[in-house]
Amino acid sequence: MSNVLQNALERRRVLIGTIVSVNSCEQVEALSASGLDWLFFDLEHAAFSVGDVQRMIQAVRPPCLSFIRIQEPEAAYVKKALDTGCNGIIVPQVNSAAAARHIVEAGKYAPLGSRSVGLSRSTGYGANLAQAIASHNDEKSIIVQIEHADAVKNLDEILSVPGVDGVFVGPYDLSASMGMIGQVGSAEVQNAITLVAASAKKRNMISGIFIGTDAALEKEIGRGFQFIAVGSDILRAVASCKATAEAAAKA
């Protein structure tokens, strides 16, 4: 496990975050000051660019951490995301050990990988180059998503890849890959999720999951997940406004 996550988990048993899907530095600053432990910047589905994300990350208030879900498990996306100075990346659709090794190769400096050296925000634009390179492999986390039946089948091999710092379950894509799209509560999907949590715990590796609302927190914490994204900025805003509208209707 990388030092940045280990240190955070020593302060708090479970790290709670939310998905950022709206391009707003002001919103990100407020969310990071709210008590959340981390923010999940979603380049896979949201309509913003890596440049937009870098500017939002600059608004994040410590100790809140920043993680970017990249578009695809490709080296170019790994490099660009890590150059922003985020605390780590979440990589979708990592379904085999070979795919995990490909990501580590792009995201970690030697001897774990062969990440290229560049003058970016992550290296202080070159001013902190030597220090940034020396600490990068420990401080910048690579979290691979387990969101396909093939990934569950290949789980032991994926978790064995040196340089993989943790796993993150995507329940909805997992359910789709199992022929039960959206049926995340089905026994088959839930058994697969439990297997991921148990396998990661056995290896002392951090495991995370996305849930839609706070109602599922107790269950997932009990299952062993330590790195949980709850809902999204839009979902939270809509839920709050809906509650206000319902309260007004009852008044």
| field | Nearest non-hydrogen partners of P171 and I193, listed with the distance | value | CB-CD1, 4.2 Å
| field | All pairs passing side-chain hydrogen bond (donor to acceptor under 3.5 Å, both in side chains) where residues 215-225 contributes a residue, at least two apart | value | Q190-K219, Q190-R223, T194-R223, E220-R223
| request: Show your working on side-chain contact (heavy atoms from CB on, under 4.5 Å) between S207 and V169 and close with a plain yes or no. | output: CA-CA 8 Å; S207 61; V169 176; over 6 Å; no
| Do the side chains of V196 and I221 join up, straight or via other hydrophobic residues, at under 4.5 Å, putting them in one cluster? | yes
| Taking the side chain as C-beta and beyond, is there a heavy-atom pair between V28 and L39 under 4.5 Å? | yes
| query | Any link between L217 and V14 through a network of hydrophobic side chains (Ile, Leu, Val, Met, Phe, Trp, Tyr) touching at under 4.5 Å? | reply | yes
| Taking K140 for the side chain and V4 for the main chain, is one N or O donor matched with an acceptor at less than 3.5 Å? | no
| Are E139 and N87 linked by a side-chain donor-acceptor pair shorter than 3.5 Å? | no
| said: With rounding to the nearest 0.5 angstrom, report the CD1 to CE distance, I158 to M205. | reply: 10.5 Å
| query | Does a side-chain heavy-atom distance below 4.5 Å link I206 with D165? | reply | no
| With R61 via salt bridge (charged side-chain N to carboxylate O under 4.0 Å, His left out) - residues at least two apart | E29
| note | Shortest non-hydrogen pair, G163 vs I142, comes out as O-CB, 3.9 Å
| request: Decide if atom CD of Q131 counts as having more than 12 heavy atoms of other residues, nucleotides or ligands within a radius under 6.0 Å. | output: no
| Measuring from Q27:CD to S34:OG, what's the distance to the nearest 0.5 Å? | 10.5 Å
| What pairs meet the salt bridge (Lys or Arg N to Asp or Glu O under 4.0 Å) rule with one or both residues in residues 180-196, with sequence neighbours excluded? | none
| Which residues share a salt bridge (charged side-chain N to carboxylate O under 4.0 Å, His left out) with D83, sequence neighbours left out | R115
| request: Quick one: which residue pairs count as a ring pair (Phe, Tyr, Trp, His ring centres under 6.0 Å) with a foot in residues 164-205, not counting sequence neighbours? | output: F40-F168
| request: Check salt bridge (charged side-chain N to carboxylate O under 4.0 Å, His left out) between D52 and all other residues, then give those that pass, not counting sequence neighbours. | output: R55
| So do R101 and V104 actually touch side chain to side chain, heavy atoms under 4.5 Å? | no
| field | G231 to L235 - nearest heavy-atom pair and separation | value | CA-CD1, 4.0 Å
| From S49 atom OG to N23 atom CG, the distance as rounded to the nearest 0.5 Å | 7.0 Å
| Donor-acceptor under 3.5 Å (S177 side chain, A149 main chain) | yes
| field | Spacing of K80 atom NZ and S120 atom OG [to the nearest 0.5 Å] | value | 9.5 Å
| note | salt bridge (Lys or Arg N to Asp or Glu O under 4.0 Å) pairs touching residues 197-216, sequence neighbours excluded, are none
| Do the side chains of L43 and I234 join up, straight or via other hydrophobic residues, at under 4.5 Å, putting them in one cluster? | no
| CE/M56 to OG1/T84 distance, rounded to the nearest 0.5 angstrom? | 10.5 Å
| said: Test: ring pair (Phe, Tyr, Trp, His ring centres under 6.0 Å). Region: residues 135-163. Which pairs qualify, not counting sequence neighbours? | reply: Y109-H136
| field | Check: L159 and L155 side chains under 4.5 Å, non-hydrogen atoms | value | yes
| said: So, using salt bridge (charged side-chain N to carboxylate O under 4.0 Å, His left out) as the criterion, who are the partners of R12 when residues are at least two apart? | reply: D37
| said: Suppose the criterion is ring pair (Phe, Tyr, Trp, His ring centres under 6.0 Å): which pairs have a residue in residues 213-240, not counting sequence neighbours? | reply: W38-F227, F67-F227
| Under the salt bridge (Lys or Arg N to Asp or Glu O under 4.0 Å) rule, what pairs show up with a residue in residues 236-251, not counting sequence neighbours? | none
| request: Go through S175 and V184 one step at a time and tell me if the side-chain contact (heavy atoms from CB on, under 4.5 Å) criterion holds. | output: CA-CA 6 Å; S175 71; V184 297; 4.1 Å; yes
| message | With no hydrogens and no angle check, just 3.5 Å: does a side-chain donor-acceptor pair link S21 and D233? | response | yes
| remark: Residues K108 and L112: closest non-hydrogen pair is CB-CB, 3.8 Å
| said: With rounding to the nearest 0.5 angstrom, report the CD1 to CD distance, I68 to E44. | reply: 13.5 Å
| query | In terms of hydrophobic clustering (I, L, V, M, F, W, Y; side-chain heavy atoms under 4.5 Å; direct or indirect links), are I146 and I181 co-clustered? | reply | no
| field | Shortest non-hydrogen separation from L174 to A192 and the atoms involved | value | CD2-CB, 4.1 Å
| said: Within the 4.5 Å heavy-atom criterion, are N128 and T123 side-chain neighbours or not? | reply: no
| said: Run the side-chain contact (heavy atoms from CB on, under 4.5 Å) test on L82 and V78 for me, step by step, so that the C-alpha distance in whole Å, both residues' side-chain angles and the decisive distance to 0.1 Å come before the verdict. | reply: CA-CA 6 Å; L82 289 170; V78 171; 3.9 Å; yes
Under 3.5 Å, which donor-acceptor pairs link side chains of residues 89-97 to any protein atom two or more places apart or in another chain?
| residue | atom | partner | partner atom | Å |
| --- | --- | --- | --- | --- |
| Q93 | OE1 | N95 | ND2 | 3.4 |
| S96 | OG | A99 | N | 3.1 |

| task | Could you check if a side-chain atom of I143 sits within less than 4.5 angstrom of a side-chain atom of V167, using non-hydrogen atoms only? | result | no
| message | Quick one: does any side-chain atom of T244 pair with a main-chain N or O of S240 as donor and acceptor, under 3.5 Å? | response | yes
| request: Determine whether V189 and M180 make a side-chain contact, defined as any pair of heavy atoms from C-beta on separated by less than 4.5 Å. | output: yes
| request: Treat each ILVMFWY residue as a node, draw an edge where side-chain heavy atoms are under 4.5 Å apart, and state whether I57 and L36 are in one component. | output: yes
| task | May I have the step-by-step check of side-chain contact (heavy atoms from CB on, under 4.5 Å) for I103 and Y77, ending in yes or no? | result | CA-CA 10 Å; I103 295 303; Y77 296 130; over 6 Å; no
| query | Of all heavy-atom pairs between A81 and I70, which one has the smallest distance, and what is that distance? | reply | CB-CG2, 3.6 Å
| field | Heavy-atom side-chain contact between R121 and Q58 under 4.5 Å | value | yes
